[in-house]
Enquirer: 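Below is the structure I would like to discuss, written out as structure tokens.
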Number of protein chains: 2
Amino acid sequence: MEGCPVRFALGLVSGKWKLRILWELNQQEIIRFNELQRRLPGISSVMLSKSLDELEQCRLVHREQYPEIPPKVEYSLTELGRSIDPALKALGAWGAQAYEQIHAN
Amino acid sequence: MEGCPVRFALGLVSGKWKLRILWELNQQEIIRFNELQRRLPGISSVMLSKSLDELEQCRLVHREQYPEIPPKVEYSLTELGRSIDPALKALGAWGAQAYEQIHAN
DNA sequence: CCGTATCCGCTCCGATACTG
DNA sequence: CAGTATCGGAGCGGATACGG
């Protein structure tokens, strides 16, 4: 992971929910915490918060907090977060091909 | 993972050693078990065997066994195994870019 | 509304010992 | 040479409860 850019990249988006989160942010541009949680059936606020934290530290996600009561926090993709899209598309294309091959029998 | 080709693809190559194994097989075309283990410092025969098994079940790796004493087994990439290369290249390119961005401060 | 604190099961992986 | 059998630790992720 230290010398291999592929492993480094995978490290950034590994985890059960991170890709789904990135996908939602790609669909939505800007989205609030609760709305995000509603769009990710099964995720707990613990995992969502933790995943968003890590994605923010990796500069993939931007967090905008408004000092209001009740609180309001908006999440969006950074430039770097948006730029992963082609790579994921390539991987998805291969994945679909692999799926066919494996389930051919 | 069942409905998402990206997650399906990642599932196939996830694990600590699988990408390194695919990398070695890409460099070498054909390689024997012990030689592979020598080229992957730190891997145990348990993990190597298990990883190769799974990669073979996913049709990424071909296993050719010769009925000799002592045993001789050769591993190589399948067509599907070779076809993942562009996707990994794309991911690696993004990973390098992310690495710079993150370590820029 | 947007989180944090805590506990807990489960899977991944390493270490060690053994075999045809 | 090319594996298998078995045990054990560490970390990921789920459930629940609580807080500003």
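Chain letters run A, B, ... following the sequence lines, proteins first and then strands; every chain starts at 1.
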Enquirer: Report whether Val46(A) and Trp17(A) are members of the same hydrophobic cluster (ILVMFWY, side-chain heavy atoms less than 4.5 Å apart, transitive linking).
Expert: no
Enquirer: What residue among Glu56(B), Glu35(B), Arg63(B) forms side-chain contact (heavy atoms from CB on, under 4.5 Å) with Tyr75(B)?
Expert: Arg63(B)
Enquirer: Go through the steps to decide whether Glu24(B) and Arg20(B) satisfy the test salt bridge (Lys or Arg N to Asp or Glu O under 4.0 Å), and finish with yes or no.
Expert: CA-CA 6 Å; Glu24(B) 291 300 330; Arg20(B) 289 173 189 267; over 6 Å; no
Enquirer: Could you tell me whether a side-chain N or O of Arg59(B) sits under 3.5 Å from a main-chain N or O of Ala98(A), the two making a donor and an acceptor?
Expert: no
Enquirer: So how far is it from Ser44(A) OG to Lys50(A) NZ, rounded to the nearest 0.5 Å?
Expert: 10.0 Å
Enquirer: Would you say Tyr75(B) reaches dG3(D)'s phosphate, i.e. side-chain N/O to OP1/OP2 under 4.0 Å?
Expert: yes
Enquirer: Going by the angle between their ring planes, with limits at 30° and 60°, are Phe8(B) and Tyr99(A) parallel, tilted or perpendicular?
Expert: perpendicular
Enquirer: Rounding to an integer number of Å, can you tell me how far Asn34(B) CG sits from dC1(D) P?
Expert: 5 Å
Enquirer: To the nearest 10°, give me the bend of the helix from dC1(C)-dG20(D) to dG20(C)-dC1(D), comparing the axes of its five terminal pairs at either end.
Expert: 50°
Enquirer: Just how far is it from atom CD1 of Ile21(B) to atom CG of Leu52(B), taken to the nearest 0.5 Å?
Expert: 4.5 Å
Enquirer: Of the listed nucleotides (dG20(D), dA2(D), dG14(D)), which one gets closest to any side-chain atom of Arg32(B)?
Expert: dA2(D)
Enquirer: Using heavy atoms and a sub-4.0 Å distance, could you list which residues of residues 35-69 of chain B are near DNA chain D? By number, please.
Expert: Ser45(B), Val46(B), Ser49(B), Arg63(B)
Enquirer: If you walk 5' to 3' along DNA chain C, what is the first nucleotide with an atom under 4.0 Å of a heavy atom in chain B, and what is the last?
Expert: dC13(C) to dG20(C)
Enquirer: Is there a donor-acceptor pair closer than 3.5 Å between any side-chain N or O of Trp94(B) and the backbone N or O of Pro5(A)?
Expert: no
Enquirer: To the closest 0.5 Å, what do you measure between CG (Leu80(B)) and CD1 (Ile102(A))?
Expert: 6.5 Å
Enquirer: Taking Leu19(A) as the starting point, is it possible to reach Trp23(A) by hopping between hydrophobic residues whose side chains are less than 4.5 Å apart?
Expert: no
